[in-house]
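My questions all concern the structure below.
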Amino acid sequence: MRKPFIFKQFTINQDRCAMKIGTDGVLLGAWASVDHNPYSILDIGAGTGIIALMLAQRSAADNIEAIELDADAYEQCTNNFEASDWADRLFCFHAGFDEFVDEYATDETEEDELYDLIVSNPPFYAEEVTSGNEARDNARQNTSLPFSELVSGVAKLLTTNGRFATIIPYKEEEEFIKLAENFKLYPLKITRVKGNVKAEVKRSLLEFQKTPCTNIKTEELVIENNRHVYTQDYINLTKDFYLKM
């Protein structure tokens with residue numbers, strides 16, 4: 001059994017989840033903006049619940065909901081929520097995103113029933129990936145949640161002044177931004193992530209809003225100076241969570 005992952009203010013059990021805690025999820029949970037004081041937050045494809053828990057720690061949001069399709073991951077996410085200090089603010093739905101959108105976003109849905117912040121660390125392997133673990137493969141491959149389905153659903157669920165934050169491969173950044181604009185979601189903030197100074201950019205952290213932005217904030221984040229020697233920028237971003245930061 002894989003040991004729990006202990007953060008400064010909460011613990012994550014992950015032995016039943018196909019996708020374990022990784023840098024991508026922690027980056028998104030620490031990076032997504034909460035300075036617009038979201039009242040309601042939605043985490044799409046919650047897995048262990050790590051991102052929702054980080055946002056519970058960082059924000060005063062009264063309602064933080066998550067969606068998880070895999071049964072084992074859903075149960076573990078729910079247990080992780082219930083074991084935290086913010087159990088009364090966290091809830092996980094066992095559902096696919098498409099059925100959630102169909103049920104939740106109707107013509108009768110009021111603005112105050114939508115979400116002020118939506119986050120997702122989506123599956124992004126377009127090619128078939130076979131590891132021998134069906135649940136892990138499903139969690140990794142974007143056939144289980146195509147980017148088009150993700151973005152179209154977000155556009156229906158986001159409040160007028162809300163934000164949508166995600167992390168994707170850098171090579172997908174340009175096409176993802178074009179896709180988002182088709183649904184009237186426009187980039188507000190972009191941070192490109194490198195493992196070290198000499199490495200190529202690997203990930204893009206993207207934040208969108210419903211109105212075009214004339215001054216997109218674009219930055220680069222380097223994680224390590226040397227192996228296990230972290231940059232000050234990465235330490236500043238994650239120090240409230242990692243025990244040894």
Side-chain angles (χ1 to χ4, degrees), residues 24-46 49-67 81 86 88-93 95 97-98 100-122 145 147-168 172-192 203-219 221 237 240:
D24 286 2
V26 174
L27 279 171
L28 182 59
W31 180 86
S33 294
V34 293
D35 38 346
H36 63 299
N37 298 316
Y39 172 83
S40 57
I41 296 174
L42 178 66
D43 178 9
I44 302 166
I50 172 65
I51 297 171
L53 282 159
M54 292 177 73
L55 291 169
Q57 178 181 324
R58 292 180 56 214
S59 76
D62 191 68
N63 180 48
I64 303 174
E65 296 179 344
I67 307 169
F81 284 176
W86 313 289
D88 59 333
R89 300 161 56 202
L90 291 155
F91 181 81
C92 188
F93 294 98
F97 187 51
D98 54 349
F100 182 85
V101 173
D102 288 345
E103 183 172 331
Y104 199 89
T106 68
D107 292 339
E108 288 76 36
T109 304
E110 300 287 341
E111 172 81 1
D112 61 6
E113 297 177 274
L114 301 177
Y115 297 93
D116 302 309
L117 173 62
I118 300 177
V119 293
S120 182
N121 176 16
L145 181 57
F147 285 161
S148 58
E149 183 181 310
L150 172 64
V151 173
S152 65
V154 166
K156 294 174 183 176
L157 295 170
L158 195 64
T159 58
T160 302
N161 296 313
R163 307 280 178 83
F164 166 49
T166 189
I167 183 167
I168 61 170
E172 306 280 358
E173 179 188 298
E174 185 176 350
E175 287 301 314
F176 193 95
I177 289 174
K178 289 179 181 177
L179 175 65
E181 289 182 350
N182 290 337
F183 293 94
K184 295 182 171 54
L185 293 171
Y186 304 96
L188 174 66
K189 184 171 68 166
I190 300 171
T191 298
R192 300 183 177 110
R203 296 282 187 266
S204 292
L205 286 154
L206 306 173
E207 189 164 272
F208 298 86
Q209 62 182 12
K210 285 192 168 183
T211 54
C213 178
T214 56
N215 186 25
I216 301 170
K217 184 178 180 181
T218 304
E219 298 176 325
L221 174 66
L237 185 63
D240 290 339

Interatomic spacing from OG1 in Thr191 to CG in Leu206 - rounded to 0.5 Å
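Taking OG1 in Thr191 and CG in Leu206, the distance rounds to 9.0 Å.
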Go through it in stages, so that I can follow the logic: the residues are Tyr186 and Lys184, the test is side-chain contact (heavy atoms from CB on, under 4.5 Å), and I'd like the CA-CA distance, side-chain angles, deciding distance and then a yes or no.
CA-CA 6 Å; Tyr186 304 96; Lys184 295 182 171 54; 3.8 Å; yes
Atom CG in Leu117, atom CZ in Phe164: separation rounded to 0.5 Å?
10.0 Å
Given side chains that start at C-beta, do those of Leu185 and Lys210 come closer than 4.5 Å, heavy atoms only?
yes
Tell me, do Leu28 and Leu205 make a side-chain contact under 4.5 Å, heavy atoms counted?
yes
With the side chain counted from C-beta on, respond yes when Leu237 and Leu27 share a heavy-atom pair under 4.5 Å apart, and no when they do not.
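Counting from C-beta outward, Leu237 and Leu27 do come under 4.5 Å.
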After noting the C-alpha distance and the side-chain angles of Asp62 and Tyr39, does the key distance pass the side chain to side chain donor-acceptor pair (under 3.5 Å) rule?
CA-CA 5 Å; Asp62 191 68; Tyr39 172 83; 3.3 Å; yes
Has the side chain of Arg58 got a donor or acceptor atom that lies under 3.5 Å from a matching backbone atom of Ala32?
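Such a contact is found between Arg58 side chain and Ala32 backbone.
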Side chain Gln57, main chain Asp240, donor-acceptor under 3.5 Å
yes
For residues Gly153 and Val101, report the shortest heavy-atom separation together with the two atoms involved.
CA-CG2, 3.9 Å
Please examine the side chains of Ser148 and Leu179, heavy atoms only from C-beta on, and report whether any two atoms are closer than 4.5 Å.
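Of all side-chain heavy-atom pairs linking Ser148 with Leu179, at least one is under 4.5 Å.
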Take atom CD of Glu111 as the centre, draw a 6.0 Å sphere, and report whether it contains more than 12 heavy atoms from other residues, nucleotides or ligands.
yes
With the side chain counted from C-beta on, respond yes when Thr166 and Phe176 share a heavy-atom pair under 4.5 Å apart, and no when they do not.
yes
Roughly how far apart are Ile41 CD1 and Ile64 CD1, rounded to 0.5 Å?
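Reported value, rounded in 0.5 Å steps: 4.5 Å.
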So which heavy atom on Ser59 is nearest to which on Arg89, and how close?
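Result for this residue pair: O-NH2, 2.9 Å.
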Closest heavy-atom pair, Phe97 versus Leu150, reported as atoms and distance to 0.1 Å, is CE2-O, 3.6 Å
Donor-acceptor pair, distance only, cut-off 3.5 Å: does the side chain of Gln209 make one with the backbone of Thr211?
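Yes, because the side chain of Gln209 sits within donor-acceptor range (under 3.5 Å) of the backbone of Thr211.
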Could you tell me the separation between the CD1 atom of Ile50 and the CG atom of Asn121, rounded to the nearest 0.5 Å?
10.5 Å
State, to 0.1 Å, how close Lys189 and Ile216 come at their nearest heavy-atom pair, and which atoms those are.
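Looking at all heavy atoms of both residues, the closest pair is N-CG2, 4.2 Å.
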Spacing of Leu188 atom CG and Asn215 atom CG [to the nearest 0.5 Å]:
9.5 Å
Heavy-atom pair of closest approach, residues Glu108 and Glu113:
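So the minimum-distance heavy-atom pair works out to O-OE1, 4.0 Å.
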Locate the shortest heavy-atom distance separating Thr218 from Arg192; write the atom from each residue and the value.
CG2-NH1, 3.3 Å
With side chain to side chain contact (heavy atoms under 4.5 Å, CB included) as the test, pick out the partner of Asp24 among Ile51, Ile167, Ile168.
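Running side chain to side chain contact (heavy atoms under 4.5 Å, CB included) over Ile51, Ile167, Ile168 with Asp24 returns exactly one hit, Ile167.
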Mind checking whether Trp86 and Leu55 have side chains closer than 4.5 Å, heavy atoms only?
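A side-chain contact is absent here, since even the closest heavy-atom pair is not under 4.5 Å.
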Using modelled atom types and a 3.5 Å cut-off, is there a donor and acceptor pairing between side-chain atoms of Thr109 and backbone atoms of Tyr104?
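At least one qualifying donor-acceptor pair exists.
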Under a 3.5 Å distance rule, please check whether Ser204 uses its side chain to pair with a backbone N or O of Glu172 as donor and acceptor.
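No; zero donor-acceptor contacts below 3.5 Å.
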Nearest 0.5 angstrom please: Lys156 NZ to Ile118 CD1, how far?
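It is 12.0 Å, given to the nearest 0.5 Å.
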Hey, are the side chains of Val151 and Val154 touching, using non-hydrogen atoms and a 4.5 Å cut-off?
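The answer is no; the side chains never approach within 4.5 Å.
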Can you tell if the side chain of Glu181 reaches within under 4.5 Å of the side chain of Pro187, non-hydrogen atoms only?
yes
Can you label the angle between the Tyr115 ring and the Phe100 ring as parallel, tilted or perpendicular, going by 30° and 60°?
tilted
